[in-house]
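Single-structure report; data block below.
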Amino acid sequence: MGNCLPSKQSAISRKVVSKKQKVLPIDASFKLPAPLPSWPPGGGFGSGIIDLGDGLQVCQISSFNKVWATHEGGPDDLGASFFEPSQLPQGFSMLGCYSQPNNRSLYGWVLAGRDETGSALKQPVDYTLVWSSESLQIKQDGVGYIWLPTPPDGYKALGHVVTNSPQKPPLGKIRCVRSDLTDQCEFDSWVWGLGKESDLNGFNVFSLFPSNRGTQAMGVCVGTFVAQKTTTAPVSLSCLKNAVSNLSCMPNLDQIKAIFQAYSPWIYFHPDEEYLPSSVEWYFVNGALLYERGEESKPVPIESNGSNLPQGGSNDGAYWLDLPVEEGAKDRVKKGDLQDSRVYLHIKPMFGASFTDIVVWVFYPFNGPSKAKVEFINIPLGKIGEHVGDWEHLTLRISNFNGELLSIYFSEHSGGTWVSSSELEFQNGNKAVTYSSLHGHAMYAKPGLVLQGSGSIGIRNDTAKSKKFIDTGTNSLVVAAEHLGMAITEPPWLNYLRKWGPKLTYNIAEEIKKVEKLLPGKLKSAFDKFVRSLPNEVLGEEGPTGPKLKRNWTGDEV
């Protein structure tokens, strides 16, 4: 990512590595395959500095000097490295150090602060030694010391200082922030500990993010970490806050279009995929029907933009959508139309508008049946998993400091996974490659098999490259960007808040029995227990809802 100037790239100063010491992923700094474009002008997006109000300005620093590293413990038992930010612009001060596991390329950032009033930032009055590796018999580069700043009254610490000597750091090394400009934070991801997984009652290092996250939440992620001797104690650090709810750093419509053209992902479908996406408009024009409770015998054709769909209200079961009645039309519409597919974009502020989330919604007329893997046996699950109307999504998280892609969220049935840009596959510049699973349409960053379950029993999520794909940049539509006010007209179908498919009409118990006939006796009960533990979204018992009823519409991804 960049320093305050958008064009800067990650840099690192490090000690000479011993010839005997193996090269680790973190020894290489990641940068996107292609340079960032020049963004269209307007507002504060991509300017390098964000004003959080009351005299506090911040910029994003991604050049570091390594202070200390360990080579065991943590993710993949490869250790972690600890850095302090370098090349801070004139007038900016460090708010905390950065750390990440050694099992991936160096790619991160911390915020630095500048005080325009003389009261937003202050030096700590002292330091407390939180932890030292001095007495530990571990593989490490020297000895590491992690210090917690003691803030003056009315101020809070946002990060640690890391040193490789037992002397306390200078008081001027770091700044604390006035309490009214801070917010509560919590653990994000595990960075390091002495074992191969986090220890509730042991020493751990975690990255941090605001406790309250969503489109209306003003907590700002600082990029720092917290080191604590127990995970049950309150977090000893705070994050920042956009005190004046300043949205001027959010992108305008021209900038949004440029950002999406730069990063629009490719979605690959399995070579055996029968149920492909389409545009919502294609689905309506090709015979989708609106049903009303009590009037089931009189379904209504839907206008191409959904203008005759009931608007607002709640998901009360009074209405639902379904496929055409005529069998030929039903089979044709089920399969979607790749050539007519379109993705729908929701643009929303995140982390106090220091980031922009571009949520890429994909519509499928039909979700196909699931397949299970039970020990060494692959078994089709009959109608289990089938449902009409399937909404899936990817979320691109963009830095408003410089427009760089930080990570992508992949929706996977009722959950999902954030994947750092440093771990993505790219093609055609900075466009990420993504994979949609066979029939279930869960999104993944890499091809292959992901088993959704426990142990050796689970639902198969098979992904692979094929000649079936969409370049989402070729046909996209911004359907919602609340920060732009009236500049975006939401299509009527977006405010249809009922089911996009009918409730389940098959008997789950009967389907399970059909499958169990194919299993050896000892596997029957384990399979039955597994299937009944699956969420309704996988079982297909309830018709799916549209984008606005998903929890990520106003909240963060889970």
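Between Ile347 and Thr356, the closest side-chain pair of non-hydrogen atoms falls below 4.5 Å. Side-chain contact between Asn367 and Glu386: absent, with no pair of heavy atoms (C-beta onward) separated by less than 4.5 Å. Contact of the Trp418 side chain with the Ile408 side chain is not registered, since no non-hydrogen atoms from C-beta on lie closer than 4.5 Å. Using a 4.5 Å heavy-atom cutoff, the side chains of Asn400 and Met250 are in contact. Within the 4.5 Å cutoff, the side chain of Ile256 has heavy atoms near those of the Val478 side chain. Looking at Trp493 and Phe363, their side chains never come closer than 4.5 Å, going by heavy atoms from C-beta outward. Using a 4.5 Å heavy-atom cutoff, the side chains of Leu405 and Ile398 are in contact. Counting heavy atoms from C-beta outward, Leu289 and Leu321 have side chains that stay 4.5 Å or more apart.
Sparse packing is recorded around NZ of Lys371, with 12 or fewer heavy atoms of other residues, nucleotides or ligands lying under 6.0 Å away. Counting heavy-atom neighbours within 6.0 Å of Gln427 CD, excluding the residue itself, gives a total above 12. For Glu326, the CD atom is densely surrounded, since the number of other residues' heavy atoms within 6.0 Å is greater than 12. In this structure, Lys257 places its NZ atom where only 12 or fewer heavy-atom neighbours from other residues, nucleotides or ligands lie under 6.0 Å away. Counting non-hydrogen atoms of neighbouring residues, nucleotides and ligands closer than 6.0 angstrom, the CD atom of Gln184 reaches no more than 12 such neighbours.
Ion pair Asp556/Arg397 flagged as a salt bridge, since at least one NZ, NE, NH1 or NH2 atom sits closer than 4.0 Å to an Asp/Glu carboxylate oxygen. Ion pairing between Arg342 and Glu281 holds under the 4.0 Å rule for side-chain N and carboxylate O.
For Tyr107 against Ser421, the heavy-atom pair with the smallest separation is CE2-CB, 3.8 Å. Of all non-hydrogen atoms in Ser354 and Val220, the two that sit nearest each other are OG-CG1, 3.9 Å. Contact between Thr474 and Asp471 at its shortest, heavy atoms only, is OG1-O, 2.8 Å. Shortest non-hydrogen contact noted between Asp183 and Leu240 is CB-O, 3.7 Å. Across Pro40 and Ala258, no two heavy atoms sit closer than the pair CD-CB, 3.6 Å. Scanning both residues, Thr463 and Pro447, for their nearest heavy atoms gives OG1-CA, 3.2 Å.
Between the Arg460 side chain and the Gln452 main chain, no donor and acceptor come within less than 3.5 Å of each other. No donor-acceptor distance shorter than 3.5 angstrom exists from the side chain of Tyr268 to the backbone of Pro271, with no hydrogens or angles considered. In this structure, Lys348 contributes its side chain and Gly555 its backbone to a donor-acceptor pair below 3.5 Å. Of the possible polar contacts, none joining the Glu557 side chain to the Gly416 backbone as a donor-acceptor pair under 3.5 Å is found. A donor-acceptor pair under 3.5 Å links the side-chain atoms of Gln311 to the main chain of Leu309, judged by distance alone. In terms of modelled atom types and a separation under 3.5 Å, the side chain of Asn430 and the main chain of Ala34 share a donor-acceptor contact. Using a distance-only test at 3.5 Å, with no hydrogens or angles considered, no donor-acceptor pair links the side chain of Asp322 to the main chain of Leu290. Side chain of Glu490 to main chain of Ala480: no donor-acceptor pair is present (N/O by atom type, distance under 3.5 Å, no hydrogens or angles). Between the side chain of Arg498 and the main chain of Ser314, a donor-acceptor pair closer than 3.5 Å is present. Checking side-chain atoms of Ser29 against main-chain N and O of Leu106 turns up no donor-acceptor pair under 3.5 Å.
Of the listed residues (Phe45, Phe401, Trp109), just one forms a ring-ring contact (aromatic ring centres under 6.0 Å, His included) with Phe355, and that residue is Trp109.
Both tests do not hold together for Lys468 against Phe269: distance to the six-membered ring centre under 6.0 Å, angle to the ring axis within 45°. Stacking of Arg213 on the aromatic ring of Phe209 is recorded, both the 6.0 Å distance cut-off and the 45° axial limit being met.
Residues Ser279 and Asp340 bring a donor and an acceptor atom of their side chains to less than 3.5 Å of each other. Side chains of His439 and Glu274: a donor-acceptor N/O pair is present below 3.5 angstrom, by distance only. In summary, the side chains of Glu482 and Thr215 do not present any donor paired with an acceptor at a separation below 3.5 Å, with no hydrogens or angles considered. The closest side-chain donor-acceptor pair between His346 and Asp357, if any, does not fall under 3.5 angstrom. A donor atom on one side chain and an acceptor atom on the other are found under 3.5 Å apart for Ser189 and Ser207. With 3.5 Å as the limit, one finds no donor-acceptor pair spanning the side chains of Ser399 and Glu404. No hydrogens or angles considered: nothing links the side chains of His270 and Asp462 as a donor-acceptor pair under 3.5 Å. A side-chain N or O of Ser436 and one of Tyr364 form a donor-acceptor pair less than 3.5 Å apart.
One finds the OH atom of Tyr496 at 10.0 Å from the CG atom of Leu549 (value rounded to the nearest 0.5 Å). Note that CG of Leu52 is 5.5 Å distant from CG of Asn242, once rounded to the nearest 0.5 Å. In this structure, the separation between OG on Ser370 and NE2 on His413 is 7.0 Å, given to the nearest 0.5 Å. Rounded to the nearest 0.5 Å, atoms OG (Ser278) and CG (Asp337) are 7.0 Å apart. Distance CG/Asn252 to CG/Leu484: 7.5 Å, rounded to 0.5 Å. The OG atom of Ser264 sits 9.5 Å away from atom CG of Leu345, with the distance rounded to the nearest 0.5 Å.
The aromatic rings of Trp500 and Phe284 sit parallel, their planes meeting at an angle under 30°, below the 60° perpendicular limit. Ring geometry for Trp266 versus Phe469: interplanar angle of 30 to 60°, hence tilted. Using a 30° and 60° split on the angle between ring planes, Phe187 and Phe206 fall in the parallel class, below 30°. Taking the six-membered ring for Trp and thresholds of 30 and 60 degrees, Tyr291 and Trp320 have nearly parallel ring planes, at less than 30 degrees apart.
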- [ ] Could you walk me through whether Lys465 and Glu425 pass the salt bridge (charged side-chain N to carboxylate O under 4.0 Å, His left out) test, one step at a time?
- [x] CA-CA 12 Å; Lys465 267 188 181 172; Glu425 176 187 351; 3.0 Å; yes

- [ ] Quick one: do Lys550 and Glu392 satisfy salt bridge (charged side-chain N to carboxylate O under 4.0 Å, His left out)? Show the steps, please.
- [x] CA-CA 10 Å; Lys550 308 297 186 185; Glu392 302 291 347; over 6 Å; no

Open item on the list: Run the side chain to side chain contact (heavy atoms under 4.5 Å, CB included) test on Asn428 and Phe426 for me, step by step, so that the C-alpha distance in whole Å, both residues' side-chain angles and the decisive distance to 0.1 Å come before the verdict.
Closed with: CA-CA 7 Å; Asn428 291 35; Phe426 289 95; over 6 Å; no

TODO: Quick one: do Asn461 and Glu412 satisfy side chain to side chain contact (heavy atoms under 4.5 Å, CB included)? Show the steps, please.
DONE: CA-CA 9 Å; Asn461 289 281; Glu412 298 157 6; over 6 Å; no

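Aromatic ring centroids of Tyr435 and Tyr444 lie 6.0 Å or more apart. For His393 and Phe410, the distance between ring centers is not under 6.0 angstrom.
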